[in-house]
Amino acid sequence: MTSTVPRAALTELPARTAEWFRAHARDLPWRRPGTTPWGVLVSEFMLQQTPVSRVEPVWLRWMAEWPVPSALAAESRAEVVRAWGKLGYPRRAMRLHAAAQAIATEHGDRVPSDVAALEALPGVGSYTARAVVAFGYGLRAPVVDTNVRRVVARAVHGAGDAGPARTRADLADVDALLPAEDAEAAVVSAALMELGAVVCTARSPRCGVCPVHAECAWVAAGRPEYTGPRRPVQGFAGTDRQVRGRLLDVLRAAEHPVPKAELDAVWADGAQRDRCLDSLLVDGLAEQFADGRFALGGTAPRTTD
DNA sequence: AACTCGTGGCC
DNA sequence: TGGCCAAGAGT
């Protein structure tokens, strides 16, 4: 797949964005010197669909408690899910736990530094793998998230927003923007994300302070509105996601296994409630004991073998 | 390829 | 107020 990035954009945009990033980057904990690739991996898991402000305190706690993959791997899954708290999408906690176990047992407790090995880990996809390579190891890798897709759509292609993901083409577009040298490419990757997160935002972009305002194709085109298809907004009230969240909230808060009656109290619709509880059991986020009571899944600490 | 999976803050 | 959004991944 070849990039559709106009040649003119390849010159100034990456350099200007990187320069702006060096001067204005937010002081996020996982960007501080001394952060290990493991720290970066944990941050990327937590940041999947979750705002920075909610991740920060949890990440700091996790790094203090589990500074290396093997430390998290030795924890019980239930404790990991409990520590995840209300970050949302708790299956991420399970997958991070499983990833830590794979890293500990199959990679000598070192986070892999190549995309293929990273993508083989549970919960690590195209974005997270490249984010670890770039931000954890300072290597050249096209990092494509929703922010970067929006920046490229506007500044390079002159569109109001990014359309549906075209994974191969998106990777090629960003790859074309990266300089050859590893360290500088990693900075550009971080800079493109940062630009999308704080300047080139989805709603009310701050073009007045944008470092690439002068060469932005969207500005040049008069900031046309996005007319393409939009991903349908997910509802939440009344969905299984809400019910699962309430059930899991009870299990997280409980120090001991809880009787079903306690779970029945969180949702009126019995059929939906039972379906959701069953799905939590299937996922492994919950488990049922012989006496009928329920707890977070994986209550027993992992046995070392 | 479309759908699912949590949670909370913001304009 | 409530639709919309926030560093995706798995199926």
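Here is the naming used below: chain letters follow the sequence lines, and residue numbers restart at 1 for every chain.
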Base, sugar-phosphate or nothing for [X]? Non-hydrogen atoms, less than 4.0 Å.
X: A:Arg130; answer: nothing
X: A:Asp283; answer: nothing
X: A:Gln242; answer: nothing
X: A:Gly125; answer: sugar-phosphate
X: A:Arg275; answer: nothing
X: A:Leu87; answer: base
X: A:Thr239; answer: nothing
X: A:Val124; answer: sugar-phosphate
X: A:Pro164; answer: nothing

Next item on the list: For DNA chain B, find the residues of residues 32-66 of chain A with a heavy-atom distance under 4.0 Å and give them by number; none if there aren't any.
Entry: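 The stretch gives A:Gln49, A:Thr50, A:Arg54 as the residues lying under 4.0 Å from the strand, ordered by number.
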Next item on the list: May I ask you to list the residues of residues 253-273 of chain A, by number, that have any heavy atom positioned under 4.0 Å from an atom of DNA chain B?
Entry: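 DNA chain B contact set from residues 253-273 of chain A: none.
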Notebook entry, point to check: Is A:Glu287 salt-bridged to A:Arg77, going by a charged N under 4.0 Å from an acidic O?
Noted result: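 Looking at A:Arg77 together with A:Glu287, the answer is no, because their closest N to O distance does not fall below 4.0 Å.
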Margin query: Quick test of your reading of the model: are A:Glu79 and A:Arg82 salt-bridged, counting only N-O distances below 4.0 Å?
Written below: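 Salt bridge present between A:Glu79 and A:Arg82.
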Next item on the list: Would you check if the distance from the ring center of A:Trp62 to the ring center of A:Trp84 is below 6.0 Å?
Entry: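 For A:Trp62 and A:Trp84, the ring centres are under 6.0 Å apart.
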Next item on the list: Check whether A:Leu251 and A:Tyr89 end up in the same hydrophobic cluster, where Ile, Leu, Val, Met, Phe, Trp and Tyr are linked by side-chain heavy atoms less than 4.5 Å apart.
Entry: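 A:Leu251 does not cluster with A:Tyr89.
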Next item on the list: Please answer: with hydrophobic residues joined when any side-chain heavy atoms are less than 4.5 Å apart, are A:Tyr127 and A:Val174 in the same cluster?
Entry: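 Hydrophobic grouping puts A:Tyr127 with A:Val174.
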Checklist line | Whole angstrom value for the distance that separates P of C:dA7 from CG of A:Asp170 | finding: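 After rounding, the gap between these two atoms is 15 Å.
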Check: For A:Leu121 and C:dG10, what is the distance between atoms CG and P respectively, to the nearest whole Å?
Finding: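 For the pair A:Leu121 CG and C:dG10 P, the rounded distance is 10 Å.
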Check: Which ones in residues 19-30 of chain A lie close to DNA chain C, meaning a heavy atom under 4.0 Å from one of its atoms?
Finding: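 DNA chain C contact set from residues 19-30 of chain A: A:Arg26, A:Leu28, A:Trp30.
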Notebook entry, point to check: Does any residue of residues 197-206 of chain A have a heavy atom under 4.0 Å from DNA chain C, and if so, which ones, in number order?
Noted result: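 When residues 197-206 of chain A is checked for heavy atoms under 4.0 Å from DNA chain C, the hits, listed by number, are A:Ala197, A:Ala202, A:Arg203.
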Notebook entry, point to check: C1' atom, B:dT7 versus C:dT11: distance in rounded Å?
Noted result: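 That atom pair is separated by 23 Å.
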Note to self: Quick one, A:Arg246 with A:Trp267, criterion side chain to side chain contact (heavy atoms under 4.5 Å, CB included). Give me CA distance, side-chain angles, the key distance, then yes/no.
What the structure shows: CA-CA 8 Å; A:Arg246 288 200 181 177; A:Trp267 198 256; 3.6 Å; yes
Check: Just the endpoints, please: which first and last nucleotides of DNA chain B, 5' to 3', lie under 4.0 Å from a heavy atom of chain A?
Finding: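 Terminal contacting nucleotides, 5' to 3': B:dT4 to B:dG8.
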Margin query: How long is the straight-line distance from CZ of A:Phe294 back to CG of A:Leu248, given to the nearest 0.5 Å?
Written below: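 Atom-to-atom, A:Leu248:CG and A:Phe294:CZ are 13.0 Å apart.
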Next item on the list: Check side chain to side chain donor-acceptor pair (under 3.5 Å) between A:Gln242 and all other residues, then give those that pass, not counting sequence neighbours.
Entry: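 Not a single residue meets the side chain to side chain donor-acceptor pair (under 3.5 Å) criterion with A:Gln242.
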